[in-house]
Amino acid sequence: MSKRVVQIGVQEVAARVREAREAEREWARRAASERAGVMRGVRAAFLDAAEAIVDATARETGKPRAEAWLGDFIPNVDLFGYWIKEAPRLQRPERVWLNPINFPRKRATIELVPRGVVALITPWNYPVSIPLRTIVPALLAGNAVVWKPSEVAPEVAGLVADTFEKGGLPRGLLTTVMGEGDVGDAVVRAEVDHVVFTGGLATGRLVVRAAAERMTSCSLELGGKDAAIVLDDANLDRAIPGVAWGAFTNAGQNCAGIERVFVTREVSKKFIDGLVAYTATLKSGSDVGALTTDRQFEIVKAHVADAVERGGKVRVGGKPGRGKREFEPTVLTDVARDAKVFTDETFGPVVPVEVVETADEAVRRANEAGYGLTASLWTADEAGAVKRARVLECGVVSVNNHAFTGAVPSLPWTGVKGSGHGITNSKYAFFELTRPKTLLVDRLGAAREPWWFPYGSRAEALGKAMVEVMRHGPSRVPGLLGAFASRWKETE
Ligand code: NAD
């Protein structure tokens, strides 16, 4: 077990944050290219630790090793590469044009500077990928990170943190504070400059309240209730295995897992029969792993029982599997709309399928959820899908695929409503981990600017002249003022 997997007390958090701030001062002053050089070393150490990280991930979460490779290791090789290239580019100062009539001999630049100490709190379902998608860009931007990993996967967290040390990251820049919710709460309340939280909606509410007391900005990536919409013209040979994967990968413990399917009537029988038959072929242990926690196992059982109580039919699965915390992949039909499987996040291998009359009805039903992370449309009509994608209330829409873009570092991953408003991946995530700093250099050398004291009557006359020129053209304002206002308008 890694030496970093040591629980810490709440009272130790403030000191760790102070150490992180100390380390951050020197790190932020380094050139972005130098920080990228250090991250290349970390990437090499991460590759060296591949087997150990995959083993620990499969052991601590109960997911099949193939899923640990596909979901937790391989995408991060790309992630390091993307950010090592992109971060220095995004941090190049950007020159901004200023109107030379209004602002003569002035030079303005914007630079993305680090926020300082970023607090990161993460869940257990993808215990490598979720932390890295913030740690890597945050460090490259010049921040320090104080990371509270999930208490459910502590060994994985230790191994991930070790790769940063082995790769040559200076001490104090990535601090792992291991513990439960009270330690997470202490991190949010400490002297941090930004909080990135990924986890459940209820915890997210606590985090945002605690952060508000210190006016700390907060980026929240919360749960989901993703819908898949299968239309009459869908290619069922693809839609059936695609929807099954979207619903059952990671045993459904995926923020973007398909938790609701809406299928149009004409194709519904064929689709449902196909999905049921395909689901029956999935192998427990190698295709669909165990649920990670007892709590999750209880929620899944309760959601299925609630659906059945409200008239739902179990078409396949519906009961615990043979292994510990295993639940058979389950397809339900005829479920009441107010059943928990339609309203609450299940986070398990259970999917209700509802038959709808039209594509518009499917979109309406999809938008009824209190979450809005991702959605998918399965159809041969690409133009129609693009139109429907615009009205789906969520952060990511996939057509004839589902949610794999979470593993693509150049595409933003984000949600609406109960799924939170945080952004990971892409330049938009980088904008959350930095702040724009404006630099203005004035080389005018004149004794004073027209807007300095004393104001006199000229300021008012100039204001009026400018409005006249904007509204009616230059001919309406004679004299010097008109000439000035016209030149100002020309250079807009
Ligand atoms: P959780 O909310 O129970 O815990 C998340 C983290 O918060 C853990 O590290 C936990 O110790 C910590 N925590 C608990 N109480 C806290 C408090 N008061 N203050 C600060 N931190 C606290 O979530 P979980 O069960 O670990 O993960 C599952 C949830 O995560 C699901 O809802 C899932 O949808 C969501 N999730 C979202 C995304 C996304 O990108 N939107 C990705 C993965 C998981």
Side-chain angles (χ1 to χ4, degrees), residues 7-8 10 13 60-61 63 71-72 75 119-134 146-154 156-157 176-190 192 195-214 216 218-226 249-259 291-300 344-348 369-374 394-396 403-407 411-425 429 432:
Q7 295 255 342
I8 74 155
V10 166
V13 168
E60 287 192 318
T61 63
K63 65 178 87 182
D72 282 286
L120 171 66
I121 300 171
T122 54
W124 43 260
N125 60 334
Y126 291 100
V128 185
S129 291
I130 290 175
L132 284 183
R133 69 190 187 181
T134 295
V146 176
W147 174 31
K148 209 301 275 173
S150 169
E151 59 275 33
V152 176
V156 180
T176 311
V177 289
M178 190 57 74
E180 304 202 358
D182 55 345
V183 175
D185 180 64
V187 173
V188 176
R189 290 174 195 276
V192 297
V195 176
V196 178
F197 171 82
T198 303
L201 173 59
T203 320
R205 284 204 175 100
L206 296 175
V207 167
V208 80
R209 277 189 205 127
E213 282 181 26
R214 281 199 63 250
T216 309
C218 227
S219 164
L220 301 172
E221 304 249 6
L222 310 175
K225 194 76 199 162
D226 280 14
T249 186
N250 216 28
Q253 300 164 118
N254 177 4
C255 49
I258 295 176
E259 298 215 352
L291 291 159
T292 302
T293 65
D294 290 339
R295 182 170 166 262
Q296 211 47 56
F297 188 62
E298 293 307 319
I299 292 172
V300 170
D344 297 6
E345 188 180 42
T346 306
F347 222 52
Y371 295 97
L373 194 52
T374 100
C394 57
V396 178
F404 78 93
T405 62
L411 294 174
W413 183 259
T414 184
V416 299
K417 300 193 265 188
S419 296
H421 42 64
I423 305 171
T424 42
N425 289 340
E432 298 211 331

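Worth knowing before you read on, the calculation uses all heavy atoms, side chains too, and leaves out hydrogens, waters and symmetry mates. In each ligand, atom 1 is the first atom listed, and ligand 1 is the first ligand listed.
- Between Glu345 and Lys225, none of the side-chain N atoms (NZ, or NE/NH1/NH2) sits under 4.0 Å from a carboxylate O, so this pair counts as no salt bridge.
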Q.
Using the rule given for side chain to side chain contact (heavy atoms under 4.5 Å, CB included), can you reason through Val300 versus Leu291, listing the C-alpha separation, both sets of side-chain angles and the distance that settles it, and then say yes or no?
A. CA-CA 9 Å; Val300 170; Leu291 291 159; 3.9 Å; yes
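- Partners of Arg205 according to the side chain to side chain donor-acceptor pair (under 3.5 Å) rule, which considers only residues two or more places apart in sequence or in another chain, do not exist here.
- No side-chain N or O of Asn254 forms a donor-acceptor pair with one of Thr249 less than 3.5 Å apart.
- The local environment of CZ in Arg214 is crowded, with over 12 non-hydrogen atoms from other residues, nucleotides or ligands closer than 6.0 Å.
- Here the side chain of Glu151 pairs no donor or acceptor atom with the backbone of Met178 at under 3.5 angstrom.
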Would you mind listing each N/O atom of ligand 1 next to any protein N/O under 3.5 Å, plus the distance?
from     : atom 1 : to     : atom 2 : distance (Å)
ligand 1 : 2 (O)  : Gly200 : N      : 2.8
ligand 1 : 2 (O)  : Thr203 : OG1    : 2.6
ligand 1 : 9 (O)  : Thr122 : O      : 2.8
ligand 1 : 9 (O)  : Lys148 : NZ     : 3.0
ligand 1 : 11 (O) : Lys148 : NZ     : 2.7
ligand 1 : 11 (O) : Glu151 : OE1    : 2.7
ligand 1 : 11 (O) : Glu151 : OE2    : 3.4
ligand 1 : 19 (N) : Asp185 : N      : 3.4
ligand 1 : 23 (O) : Gly200 : N      : 3.4
ligand 1 : 25 (O) : Trp124 : NE1    : 3.1
ligand 1 : 26 (O) : Trp124 : NE1    : 3.2
ligand 1 : 30 (O) : Gly199 : O      : 3.4
ligand 1 : 32 (O) : Glu345 : OE1    : 2.6
ligand 1 : 34 (O) : Glu345 : OE2    : 2.6
ligand 1 : 40 (O) : Arg133 : NH2    : 2.9
ligand 1 : 40 (O) : Glu221 : OE1    : 3.3
ligand 1 : 40 (O) : Trp413 : NE1    : 3.1
ligand 1 : 41 (N) : Leu222 : N      : 3.4
ligand 1 : 41 (N) : Leu222 : O      : 2.6

